[in-house]
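The structure appears right after this line, and notes come after that.
Proteins get letters first, then strands, A, B, ... in listed order; numbering begins at 1 in each.
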2 protein chains.
Amino acid sequence: MRTSELAGRVGVNSETLRYYERRGLLDEPPRSSGGYRDYPDSAVELLRFVKRAQGLGFTLDEVEELLHLDTGGPDDCDAARALAESRKADLEARIADLQRMRDSLAELIATCDLPRSGRRCPLLATIATPQPRRSSRRRR
Amino acid sequence: MRTSELAGRVGVNSETLRYYERRGLLDEPPRSSGGYRDYPDSAVELLRFVKRAQGLGFTLDEVEELLHLDTGGPDDCDAARALAESRKADLEARIADLQRMRDSLAELIATCDLPRSGRRCPLLATIATPQPRRSSRRRR
DNA sequence: GTCGTCCCTGTACCTGCCTACAGGGTCAAG
DNA sequence: CTTGACCCTGTAGGCAGGTACAGGGACGAC
């Protein structure tokens, strides 16, 4: 499968594929006689994984780690496990944060149903309390 | 309170405060006779809100919306409510995604306890399925 | 009054993640 | 055998979110 077909199927720009290859996220695919990239079918699934993990807040560097973790096989398992557990802890914390945020928003929405008088905003109060915990994420 | 004190208390760079002011996220504080910014105590809480919301995946533009939503008072309530509800829906979806991701990781970690034979990685399979749903986020 | 430390404004630069050329080759259709 | 759609490499640009000067003023301690 050629670059634009893969890109089209996954919904990314062709340039993005070359960019991923350049930064080492995707392996270089074999080339046709004319020098065109010829991706295997599995590249579709792989790329969907990348885009989805990214949508979940992982950086491309982290996605790369996840991929290695995924394809490393039994022998990498102990190192991979540590990585997976630390990512899992990140996720737990992140989920808890988002749940609190969501609850705050729900509370805020509920105050909209009150009579015009007794309104105040719970959002600021609930969010402003704890400090960020892991500076490595959030770039973005 | 002066710039560096506020920055220090919240754990951000002083330049970041000026940057936020420039982009309209923070109101211009009053100035001392010598032209120095003099922030009120409430700025600490406000900034913590900003950094925290940001850590939860909101962009600075979204944070600004949230702040307006927060301080808008009763009359903005209907518009604010719509905004809050759409953000809440975003959060729900995001939480569900992250939970699936976490469960996949947990499953992966569990395979590490299996005998060396029957291992395969559930991560790729579980994540690669659905497509991103909202392209407006994802900056970062 | 002159250090040293802080503050000011303005502009330039950096990282992550793309996206867009420029300049040129491949290839199938007509 | 030329035209058009695609592909290649390489380099530059763009946006978000900061961060880092440069050049100069404000102030308290001595």
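- Of the side-chain N and O atoms in A:Asn13, one or more sit less than 4.0 angstrom from OP1 or OP2 of C:dA20.
- Between A:Val12 and A:Gly34, the residue anchored closer to the 5' end of DNA chain C is A:Val12, taking for each the nucleotide with the nearest heavy atom.
- Phosphate proximity of D:dC6 to A:Arg2: absent, as no side-chain N or O sits under 4.0 Å from OP1 or OP2.
- Between A:Tyr36 atom OH and D:dC7 atom C1' there is a gap of 4 Å when expressed in whole angstrom units.
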Verdict with reasoning, B:Arg48 to B:Lys51, per side-chain contact (heavy atoms from CB on, under 4.5 Å)
CA-CA 5 Å; B:Arg48 284 212 241 265; B:Lys51 296 315 282 183; 6.0 Å; no
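- The phosphate of C:dC17 has neither OP1 nor OP2 within less than 4.0 Å of any side-chain N or O from A:Lys51.
- Bending across the helix from C:dG1-D:dC30 to C:dG30-D:dC1, expressed as the angle between its end axes from five pairs apiece, amounts to 10° (10° rounding).
- Nearest-nucleotide positions on DNA chain D for A:Glu15 and B:Tyr20 put A:Glu15 closer to the 5' end.
- To the nearest angstrom, C1' of C:dC7 lies 14 Å from CD of B:Glu5.
- Here the P atom of nucleotide C:dT19 and the CG atom of A:Leu17 are 11 Å apart, to the nearest Å.
- Among residues two or more places apart in sequence or in another chain, the side-chain hydrogen bond (donor to acceptor under 3.5 Å, both in side chains) test is passed with A:Glu5 by A:Arg9.
- The side chain of A:Ser33 has C:dC27 as its nearest neighbour among D:dT19, D:dC8, C:dC27.
- Scored by the side-chain hydrogen bond (donor to acceptor under 3.5 Å, both in side chains) test, A:Asp61 finds A:Arg23 as partners (sequence neighbours excluded).
- For B:Tyr39, the side-chain hydrogen bond (donor to acceptor under 3.5 Å, both in side chains) test picks out no residue, with sequence neighbours left out.
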Trace of the side-chain contact (heavy atoms from CB on, under 4.5 Å) decision for A:Arg102 with A:Glu107:
CA-CA 9 Å; A:Arg102 179 204 51 196; A:Glu107 214 189 312; over 6 Å; no
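- Distance check: B:Leu47 CG to B:Gln54 CD gives 10.0 Å after rounding to the nearest 0.5 Å.
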Determine whether A:Phe49 and A:Val63 satisfy the following criterion, side-chain contact (heavy atoms from CB on, under 4.5 Å), listing intermediate values before the conclusion.
CA-CA 9 Å; A:Phe49 172 88; A:Val63 173; 4.2 Å; yes
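- Between A:Asp97 and A:Arg100 there is a salt bridge, with a side-chain nitrogen of the basic residue lying less than 4.0 Å from a carboxylate oxygen of the acidic one.
- Residues passing the side-chain hydrogen bond (donor to acceptor under 3.5 Å, both in side chains) test with B:Glu21, sequence neighbours excluded: B:Arg37.
- A sub-4.0 Å separation between OP1 or OP2 of C:dG16 and a side-chain N or O of A:Gln54 is absent.
- Using a 4.0 Å cut-off, no side-chain N or O of A:Thr16 falls inside it from OP1 or OP2 of C:dC17.
- Residues B:Tyr19 and A:Ser4 each lie close to DNA chain D; by heavy-atom proximity, the contact nearer the 5' end of the strand is made by A:Ser4.
- Residue contacts shown for A:Arg18 include a base, since a base heavy atom lies under 4.0 Å away.
- For the segment residues 22-32 of chain B, the set of residues with a heavy atom within less than 4.0 Å of an atom of DNA chain D comprises B:Arg22, B:Arg23, in numerical order.
- Atom CD in A:Glu21 sits about 15 Å away from atom P in C:dC18, given to the nearest Å.
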